Amino acid sequence: MTGRTVIVTGAESGIGAACAKAFGEQRARVAVLYFADSAAAEASAAAVRAGGGEAITVQAHVDDEGAVDAAFAEVESQWGPADVLINSAGLNMSGVTVRAMTLAQWRRLLDTDLTGAFLTSRRFLTGRGEAVGDAAIIHISSIHAYAVRAGGADYCAAKGGLSNLVETMAIEEAPRGIRVNAIEPGMILTPMNARAQRDAQYRQSLEHNIPMGRAGDPAEVADLAVFLASDKARYITGARVVIDGGLSLMQAIGA
Ligand SMILES: NC(=O)c1ccc[n+]([C@@H]2O[C@H](COP(=O)([O-])OP(=O)(O)OC[C@H]3O[C@@H](n4cnc5c(N)ncnc54)[C@H](O)[C@@H]3O)[C@@H](O)[C@H]2O)c1
């Protein structure tokens, strides 16, 4: 990854922060795109540099077309077109059933988790122009792309839509050498799962359903992202790779 430019969204927290660090350890140039917390973004950038990579921080809301354009332009002005996009920015499900969900709740989730993926992907692609060469887009999706949950219609719809976005882009961009894949994590210990980290009993009740008996670490997801971005994964495109300790295989409980 030395000299490769990697843009990571949501890079100030959780899986995105772990990805930034992991690509830093591969000596990549990492653009830490963040939502609002500049101190957390600087911490991610410091982790990149500690690993031997280069880092810049750029603020951008992924659901804002102008902000995404400006952020990518800033990265390109320093390092040229990006080689890898890791899209980790996202919001968790509202926890509201469809009959109680407001349009604003629905839109907020879809705008971030699905439209954000479209906007960052499109800008990544247009930034590269018609050039043919090795490049990779990796979206952090979820097992909820297909394993639905009551109260998660907004999130499940966004991640389900993301699957089709990934597969469509995979066939559109394959001739240019751009691979497009999704990672589908199960339960990962990040701020998105804050309750599981402060409430041991709650965490145990969730981990009880995971065949491997434990939640995942963000670094484990980051290792997969590095692999999918690397030449070792050169024939993998349009894939949705599950990383969940076996959780999604347990759908038949009670059947
Ligand atoms: N933690 C899990 O168990 C888990 C499981 C499956 C999938 N995921 C997915 O992994 C991704 C990362 O989640 P995480 O667990 O690291 O959570 P996290 O909350 O730690 O990180 C998400 C980041 O996205 C940023 N963000 C939110 N809205 C944004 C916007 N509009 N523009 C730019 N940035 C925005 C947040 O500020 C935050 O830094 C998400 O897409 C999530 O759906 C997480």
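Position 1 is the first residue of the sequence; numbering continues from there. Whatever order the structure lists ligands and atoms in, that order sets their numbers, starting from 1. Remember, predicted model here, so these are calculated numbers, not experimental data.
Between V242 and S248 the shortest heavy-atom distance is CG1-OG, 3.8 Å. Contact detail for A158 and L109: the closest heavy-atom pair is CB-CD1, 4.1 Å.
At least one test fails for R123 against the ring of F72: distance under 6.0 Å to the centre or angle within 45° of the axis.
Side-chain atoms of D83 do not come within 3.5 Å of backbone N or O of R4 as any donor-acceptor pair.
A salt bridge links R195 and D199; the closest N-O separation between the charged side-chain nitrogens and carboxylate oxygens is under 4.0 Å.
At a heavy-atom cutoff of 4.0 Å, ligand 1 is surrounded by G10, E12, S13, G14, I15, F35, A60, H61, V62, D63, S88, A89, G90, L91, T112, I140, S141, S142, Y155, K159, P185, G186, M187, I188, T190, P191, M192, N193.
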For side-chain hydrogen bond (donor to acceptor under 3.5 Å, both in side chains), just list the numbers for S94 and D154, CA-CA rounded to whole Å, side-chain angles, deciding distance to a tenth of an Å, and then say yes or no.
CA-CA 7 Å; S94 61; D154 47 5; 2.8 Å; yes

